[in-house]
Every structure is written in structure tokens, then in C-alpha cells.
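Working notes, structure below.
Both backbone and side-chain heavy atoms feed into the values below; hydrogens, waters and symmetry mates do not.
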Amino acid sequence: MTTHTVDTTQELAAFLRTRRERLDPRDLGLPPRRQARRTPGLRREEVAELAGVSVDYIVRLEQGRGLRPSADVVEALARALRLAPVERAYLFNLAQQRPRTADKPATTAAPPLARMVADLSPLPAMLLNHRYDILAWNREMTRLLLDFDTLPPERRNAMWLCLMHPEIREFYVDRERVVREGIAHLRAAWAAHPEDRVLTDRIAEFIAGDEEFARLWAERDIKVNGRGRKVLRHPEAGVIAVLFEVLVPFNDPDQRLVIFRSADEESRVALERLCARP
């Protein structure tokens, strides 16, 4: 069996043709044509009209003649062809363009993910969005960090807690590394969501209010760490070492599932005792 590298120009052409041919003009509210259709789906001129481009441009795209559509054109084609989110992402990849954020940032937990956070007990778990807003958490996470229900919603943010909360500020033994990793995540999120005014304002607040954040932000480190080890200085249980894992759900890529587990036997015992308290 012979394998070949992907010819993105030809694959783009084939993908556009197949998606055009599967559409029923009646579903798009297009008027009936007097001339019978010889092939299924939409005509090229109908796609061109829906996308706001010329018929010749659609012809050249479907013939694989080396065109590289802009991000705006790709977005228009995705709308015209009624592409599902995964198909839209595929089209942008083939066109070697970067899609604009299609949806507003998640401000509430997706219900299946919220249930998963609860079901992960006895492991401490929480759900974040790209801003580091804490959207859901289980009982074990509140015992390990703090009761997020006692905070106003705008302060349920993991980076704000690390920088500004009087107890959490001294919670991490290697605080600079934790802050550095959090800043790398925020910088990557900031670049991926340039239209997110809330995130931009929050970063400006951190820069103005915390010298350490301002210094580390200026270094422009973008190495995001989704797995590692943290040592916590808990006021009741003492020193607890945890391993963390950050998972990004396929259907909700704006949300991040953070799971902690004990890194050694002493930490396991301490964590179990802490979570067992009434």
C-alpha cells in the first residue's frame, strides 16, 4: 500500500465539490430553476451568490488551480455550504488559514462536563475556560483550595486567586513557576482570542496590580504546561504534593478540565484526611 502526502489544493477542491453536491437547494430557500439539474446539490453559481464571490472563483477552486482563499472567503464558503464546526475547521486547515473564533467564550460549564467534574470524586477536579475562569468544581477541590461559592463570580478566576487572594498567594511552594505557567496560558489564549475584551481587560488589571505578573508577562513565554507537579502549602493539612493533568474536551475546546491526584503516599493520606472532614 502506497501512502502520499496530502495535496491540500486538490483536497480543498474535492471537499468543496462534495459539500456543494450534498446540499438540497430547497433547504436553503433557493427558487426553483426551469432547467433541470443534471447533478445533485447546488450549482456553482448558487454557491458563488451565497458566498459573495464570482462563479469563476468557485470554478477555479473546485478545479484545484492553486488558489489560496483568504480567511474571509473561507468563512463565507463555510456559511454558504452550511458546514458543521468540524467541517469548518477542516476547510480552514486545507486553506492554511486561521479561523476566527466562532463562538463566544464559555461562561458556564457544559452540563456533561459539570457532571464529569462531580463524578471524578474523590479526585479534586475543576473546569476552566480560556480566561482561567472557574466554571465548575467538586467538593474535593474546595477542600484543597477554597470554597469558590464564597467568592463573587467575577473573582472565581484561577489567576486572580493566585495573584490577589491573600491566602492563595502563599499557597504554592514554587509560586513563581505556577504564575509563569499561568501567564504562558493567558498569553496563548490572548493571541487566540484577540476579540475577547474581558480577557484583555483582565490582563491589563493584572499588569497594573501585580509587579511579578508585569515582569513575567513582558518575557513573552508561551510554553503551556498541561501536565506536571505542584507542591501546596495547605493551612490545615500541611504540605501536599499533587500531580495535575489538563484535558481539553473535543466538543468544548474553550473549556479545560483540571484534575489533581496525590504525588506520593504522604500526600495521599493528607488529602484523604482533608476531604474526609465534615
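- In summary, E21 and R17 do not engage in a salt bridge, as defined by a charged side-chain N under 4.0 Å from a carboxylate O.
- A salt bridge is defined here as a Lys NZ or Arg NE, NH1 or NH2 lying under 4.0 Å from an Asp or Glu carboxylate O, and R60 with D56 meets this definition.
- Looking at N157, T107, D196 one by one, the single match for side-chain hydrogen bond (donor to acceptor under 3.5 Å, both in side chains) with R131 turns out to be D196.
- Note: H165 and W160 have perpendicular aromatic rings, judged against thresholds of 30 and 60 degrees for the angle between ring planes.
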**OP:** Evaluate the criterion salt bridge (charged side-chain N to carboxylate O under 4.0 Å, His left out) for residue pair R261 and E272; output intermediate values, then yes/no.
**Re:** CA-CA 11 Å; R261 55 193 177 89; E272 287 181 355; over 6 Å; no

**OP:** Evaluate the criterion side chain to side chain contact (heavy atoms under 4.5 Å, CB included) for residue pair L199 and L186; output intermediate values, then yes/no.
**Re:** CA-CA 8 Å; L199 177 61; L186 284 182; 3.9 Å; yes

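- Enclosure of atom CE in M159 by more than 12 non-hydrogen atoms of other residues, nucleotides or ligands within 6.0 angstrom is indicated.
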**OP:** Under the side chain to side chain contact (heavy atoms under 4.5 Å, CB included) rule, what do Y57 and V73 come out as? Steps first, then yes or no, please.
**Re:** CA-CA 11 Å; Y57 192 84; V73 171; 3.9 Å; yes

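- The existence of a salt bridge linking R169 and D210 is confirmed by a sub-4.0 Å separation between a basic side-chain nitrogen and an acidic carboxylate oxygen.
- Both L123 and L113 are assigned to one and the same hydrophobic cluster, defined by single-linkage of ILVMFWY side chains at heavy-atom distances under 4.5 Å.
- One finds no salt bridge joining R175 and E170 here, because no Lys/Arg side-chain nitrogen approaches an Asp/Glu carboxylate oxygen to under 4.0 Å.
- In this structure, the separation between CG on L135 and CZ on R156 is 10.5 Å, given to the nearest 0.5 Å.
- Residue-environment remark: CD1 (I222) stays at or below the threshold of 12 foreign heavy atoms within 6.0 Å.
- Checked for salt-bridge contact, R177 and E181 meet the test: a charged N lies under 4.0 Å from a carboxylate O.
- With hydrophobic clusters built from ILVMFWY side chains whose heavy atoms lie under 4.5 angstrom apart, L243 does not share a cluster with F260.
- Remark: the backbone N or O of P69 is paired with a side-chain donor or acceptor of Q97 at under 3.5 angstrom.
- Of the charged side-chain nitrogens involved, at least one lies within less than 4.0 Å of a carboxylate oxygen, so that E62 and R20 count as a salt-bridged pair.
- H185 places a side-chain N or O within 3.5 Å of a backbone atom of H130 that can act as its donor or acceptor partner.
- Classification of the F148-W137 ring pair by plane angle, with boundaries at 30° and 60°, yields perpendicular.
- Legend: side-chain hydrogen bond (donor to acceptor under 3.5 Å, both in side chains) pairs involving residues 237-251, not counting sequence neighbours, sorted by first then second residue: R227-E245.
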**OP:** Walk me through it: do L216 and D221 pass the test side chain to side chain contact (heavy atoms under 4.5 Å, CB included)?
**Re:** CA-CA 8 Å; L216 295 176; D221 185 7; over 6 Å; no

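- Electrostatic pairing of R180 and E219 counts as a salt bridge here, judged by a charged N lying under 4.0 Å from a carboxylate O.
- Within a 6.0 Å radius of CZ in R65, other residues, nucleotides and ligands contribute more than 12 heavy atoms.
- There is a path of hydrophobic side-chain contacts, each under 4.5 Å, that joins L161 to I203.
- Counting only residues at least two apart or in different chains, salt bridge (charged side-chain N to carboxylate O under 4.0 Å, His left out) contacts with residues 200-209 comprise D133-R202, R155-E205, R197-D201.
- Annotation for W217: atom CH2 counts as buried by contact number, over 12 foreign heavy atoms lying within 6.0 Å.
- Separating the CE atom in M126 from the CD atom in E140 is a distance of 13.5 Å, to the nearest 0.5 Å.
- Panel note: side chain S267, backbone A263; no donor-acceptor pair is recorded below 3.5 Å.
- Within 6.0 Å of atom CD in E167, 12 or fewer heavy atoms from other residues, nucleotides or ligands are found, so the atom counts as exposed in its surroundings.
- Counting only distance, with no hydrogens or angles, the side chain of E46 and the backbone of R43 share a donor-acceptor pair below 3.5 Å.
- Formation of a donor-acceptor pair under 3.5 Å by the D7 side chain with backbone atoms of T9 is found in this model.
- Using a 4.5 Å cut-off between side-chain heavy atoms of Ile, Leu, Val, Met, Phe, Trp and Tyr, with links allowed through other members, V53 and V74 fall into the same hydrophobic cluster.
- A salt bridge links E176 with R215: the closest approach of a Lys/Arg side-chain nitrogen to an acidic carboxylate oxygen falls below 4.0 angstrom.
- Open room surrounds CD on E266; 12 or fewer heavy atoms of other groups in view lie less than 6.0 Å from it.
- Both I183 and M164 sit in one connected hydrophobic cluster of ILVMFWY residues. Membership requires side-chain heavy atoms under 4.5 Å apart, directly or through other members.
- R143 contributes no side-chain N or O that, together with a main-chain N or O of P124, makes up a donor-acceptor pair within less than 3.5 Å.
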**OP:** Begin from the C-alpha positions of V242 and R229 and carry the test side chain to side chain contact (heavy atoms under 4.5 Å, CB included) through to its verdict.
**Re:** CA-CA 6 Å; V242 297; R229 186 175 187 270; over 6 Å; no

